[in-house]
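Each remark here refers to the structure printed beneath this line.
What you see is a predicted model, and the numbers here were worked out from it, not measured in a lab.
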Amino acid sequence: MKYWLLKSEAEVFSLNDLKNSPGQTTYWDGVRNYQARNFIRDEMKLGDKALFYHSNSEPNLIAGICKIVKEAYPDFTAFDPDNEHYDPKSKKENPAWFMVDVKWEEEFKNPVTLQSVKLNPKLKNMRLVQPGNRLSVMPVTKDEFEEILKMSG
DNA sequence: GCCAACGTTGGC
DNA sequence: GCCAACGTTGGC
């Protein structure tokens with residue numbers, strides 16, 4: 001099993017929004033970065049777990065956990081001219097962008113703030129705390145994942 | 001609201 | 001294929 005971190009602006013779509021979605025599940029649309037796309041398309045597997053991170057929030061934090069319940073399939077929002085994530089370069093016969101379905105799993109009793117991640121020496125290699133990192137989908141090691149869980153307890 | 005980082009676009 | 005311009009992300 002692999003571990004991930006998914007970023008979302010809390011005001012746009014929060015972990016609580018996921019919890020309140022039908023079946024506590026939604027499609028993770030709008031990823032328009034090739035590196036993130038490759039993670040989604042090539043490496044995310046059924047049952048993988050992902051930390052749910054709130055960016056542009058007060059404070060920024062890891063709110064809880066979701067899991068991958070459907071592996072990569074074409075991001076259909078890219079085909080829709082009326083959708084804000086529309087991308088004419090992505091064709092139905094040759095999709096450029098992909099999505100997975102994620103399901104709510106757990107809300108941390110003690111959310112793990114970005115600040116506390118930065119202060120934990122064991123987490124200094126996380127991509128989340130590397131300067132200038134803008135990836136919205138990133139891998140997390142098992143050790144890092146478990147350390148975050150410890151901090152959330 | 002500012003601005004640094006960085007990915008993408010497009011002219012050449 | 002280079003690189004400047006531009007747009008976006010995201011922490012502060």
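- Listed by first and then second residue, the ring pair (Phe, Tyr, Trp, His ring centres under 6.0 Å) pairs involving residues 16-49 of chain A are A:Trp4-A:Phe39, A:Tyr27-A:Phe76, A:Trp28-A:Phe52, A:Tyr34-A:Trp97 (not counting sequence neighbours).
- A 4.5 Å side-chain heavy-atom check between A:Asp48 and A:Met1 finds at least one atom pair inside the cut-off.
- At a cut-off of 3.5 Å, with distance as the only test, no side-chain donor of A:Ser90 or A:Arg32 sits close to an acceptor on the other residue.
- Residue A:Gln24 qualifies as enclosed at atom CD: its count of foreign heavy atoms under 6.0 Å is above 12.
- When DNA chain C is scanned in the 5' to 3' direction for atoms under 4.0 Å from non-hydrogen atoms of chain A, the outermost contacting nucleotides are C:dG7 to C:dC12.
- If you check residues 122-134 of chain A against DNA chain B, the residues with a heavy atom closer than 4.0 Å are A:Pro131, A:Gly132, A:Arg134, listed by number.
- With hydrogens and angles disregarded, a donor-acceptor distance shorter than 3.5 Å links the side chain of A:Ser57 to the backbone of A:Ser55.
- Residues A:Asp75 and A:Phe98 have side chains not in contact (no heavy-atom distance under 4.5 Å, counting atoms from C-beta outward).
- The existence of a salt bridge linking A:Lys142 and A:Glu146 is confirmed by a sub-4.0 Å separation between a basic side-chain nitrogen and an acidic carboxylate oxygen.
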